[in-house]
Amino acid sequence: MRPWRDHLDADDPLITDDGPGAPDLTAAGTLLHVWASRWEASPHAPLWKEGDRWWTAGEFDDATRRAAGRLRAAGLEPGDRLVWSTGSSVDSLAAHVGALRAGLVVVPANTAYGERELALIVSDVRARAAIVERADQAEWARRAGGNSMVVAGPDLDLADGDPGELDLAGADDPALICFTSGTTGAPKGAVLRHRNLLAASESVTRAWRMDAEDRLVHCLPVFHAHGLMVGIYGTLTAGGSAVLLPGFDPDSVAAAAGDERATLFFGVPTMYHRLVASGRAGELSALRLCVSGSAPLSADLHQAATEAIGTVILERYGMTETLMNTSNPYVGERRAGTVGFPLPGVEVRIDDAGEVLLRGPNIFDGYFEREAANAESFRDLGDGGGRWFATGDLGADEDGYLVIRGRSKELIISGGFNVYPAEVEDVLVRHPDIREVAVTGTASDEWGEVVTAWVVVDGPAPSVGELRAFSEGSLAPFKQPRLVRTVDALPRNALGKVVRSQLG
Ligand code: MCA
Ligand code: AMP
């Protein structure tokens, strides 16, 4: 594979004469130090645009201090876990960054989750606090976490307090616990330490040449690595600015790109599909960089989006546990159907079974309190450079570029959101007319994959609408089936295990 140095200009200070070793991406300590020094140096620089209002860096700095003070006054202490399930807004980002500045560990959660999904996270990390948007979420958080839970809205409607000394977390301290199901089905929290976040942010911002002149059109959810760590943290690290949209729609993205003289757009393939279909993609032509990730971007969609926007889409490959791994280059050939080559600091290896293995300062070192999963996820190959993380993705080196050929993990990616078949099956099998069920992903131009339920029924076959209604409260809408197929029996192997790959 091409070397990480090819992402950088020849005079980039990360490239030293020290030989082939990893570059030092963590010299700055933590992201909090990087951000605080940016705000201090340029307090009047525009940072976020929300609605019609621009917030400056200094105003955001103040808001994060206020948030840290309130969280401390509520009795929260460094290391306490705070579940954070909100849309994209300056309030919610100030609460998030304020929590990190106070030394708390933030646990992002999808705002579409129902009670079962949110409660699982609150209990798993023994959360002491939750920041949520809706009254029902607040109620669920209290029920799962107990009466001593501190529960607040994104504006942190709590009493003011003295923030005290901030940014004391060290590089090895946990910053985030992000829930994902890894290569096995059960949800678990990937612990990301401050050094992982700093390494990933430094690597990506340098490779993509992000700086203070940049302005991002931000429409991704902030509770996932893509929107949070690439979009929000990337903007803060580069010292640039972002227009915060509450969600994606082609008209708002096109308008923001033109009206705000934006330079960057980060999206998932479904967004590019919709931009092309809307006829407004050309309004993004002045952007200097459009990035796609989180799910495979087909070569056809790559070409269609590139032609419609007028700039070659840059595809990259990431993962919650590892943040950003490989990328097509900012300067040089961006090859459709590939995810480029290792970002600065990242080592990529493909094992004999074709699985992608990763190592680097961006990569987490374990799931929260999951010894067995941790033992399975990391491999010591005896090469002296530390353990490799096994991604569950299948890849190949094609002429120096990584191609993701599929997954060994059983995962469906719908519109950039991950869906785990076992979790959906566990809910659907409780339907009175369903004797057996298996869930797979069916190819879709718009969504990449959609969730299909294959059912063996005892009575009349339930419709899609019926199964979606039945799943309400147990499965977020994006996990609910969009197709239902009735079969006489599910294909099984010699051990009796369902072979999902034989369906469809
Ligand atoms: C919404 N719905 C979905 C999805 N999103 N169904 C399946 N898959 C989805 N992804 C549901 C809605 O709840 C609604 O259900 C119905 O579909 C129609 O909603 P619609 O308005 O069309 O959707 P939308 O709100 O416009 O959302 C589409 C979206 C969104 C903008 C593409 O899914 C999205 O923001 N995706 C990005 C996910 C992401 O950031 N992933 C990064 C994770 P109903 O009709 O029942 O109400 S991966 C990651 O972070 C790693 C590190 C990486 O590599 O990046
Ligand atoms: P998550 O656990 O939500 O972070 O999703 C990570 C997974 O998304 C990876 O393990 C890949 O399977 C997939 N993924 C992310 N980016 C890409 C990409 N550019 N191409 C193909 N798959 C991707």
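One-based numbering, in listed order, for ligands and for the atoms of each. Keep in mind that what you see is a predicted model, and the values were worked out from it rather than measured.
Atom 27 (O) of ligand 1 has its closest protein heavy atom at Arg274 NH1, 4.4 Å. At the shortest separation from atom 54 (O) of ligand 1 among protein heavy atoms lies Arg316 NH1, 2.8 Å. Distance from atom 36 (N) of ligand 1 to its nearest protein heavy atom, with residue and atom name: Gly415 O, 2.9 Å. The protein atom (non-hydrogen) at minimum distance from atom 45 (O) of ligand 1 is Arg468 NH2, 4.5 Å. With respect to atom 35 (O) of ligand 1, the closest heavy atom belonging to the protein is Pro221 CD, 3.4 Å. Of the protein's non-hydrogen atoms, the one nearest atom 10 (N) of ligand 1 is Ser414 O, 2.7 Å. Protein heavy atom in closest approach to atom 39 (C) of ligand 1: Gly416 O, 3.8 Å.
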Residues Thr322, Asn362; criterion side chain to side chain donor-acceptor pair (under 3.5 Å); working and verdict = CA-CA 6 Å; Thr322 62; Asn362 53 312; 5.1 Å; no
message = Please evaluate residues Lys49 and Glu260 with respect to the criterion salt bridge (Lys or Arg N to Asp or Glu O under 4.0 Å), reporting the C-alpha separation (whole Å), side-chain torsions for both, the decisive distance (0.1 Å), and the verdict.
response = CA-CA 9 Å; Lys49 185 173 192 212; Glu260 301 299 339; 2.5 Å; yes
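Protein heavy atoms all stay at least 4.0 Å away from atom 21 (O) of ligand 1. The presence of a protein heavy atom under 4.0 Å from atom 13 (O) of ligand 1 is confirmed. Less than 4.0 angstrom separates atom 52 (C) of ligand 1 from at least one non-hydrogen atom of the protein. The presence of a protein heavy atom under 4.0 Å from atom 25 (O) of ligand 1 is ruled out.
When the heavy atoms of Tyr272, Phe478, Phe417, Phe248 are ranked by distance to atom 33 (O) of ligand 1, first place goes to Phe417. The option with the heavy atom closest to atom 42 (C) of ligand 1, from among Ser294, Gly318, Pro477, is Ser294.
Only the side chain of Trp447 comes within 4.0 Å of ligand 1, counting heavy atoms alone; its backbone N, CA, C and O stay farther away. With a 4.0 Å heavy-atom cut-off, ligand 1 is reached by no atom of Glu449. Only the backbone of Thr320 comes within 4.0 Å of ligand 1, counting heavy atoms alone; no side-chain atom from C-beta on gets that close. Of all the heavy atoms of Gln480, none lies under 4.0 Å from any atom of ligand 1, so neither backbone nor side chain is involved.
Between the side chains of Tyr317 and Asp393, at least one donor-acceptor pair of N or O atoms lies under 3.5 Å. A donor-acceptor pair shorter than 3.5 Å can be found between the side chains of Tyr330 and Arg288.
Ligand 2 lies under 4.0 Å from heavy atoms of Thr180, Ser294, Ala295, Pro296, Glu315, Arg316, Tyr317, Gly318, Met319, Thr320, Val339, Asp393, Arg407, Lys409, Ile413, Asn418.
Between Arg482 and ligand 1 there is a heavy-atom distance shorter than 4.0 Å.
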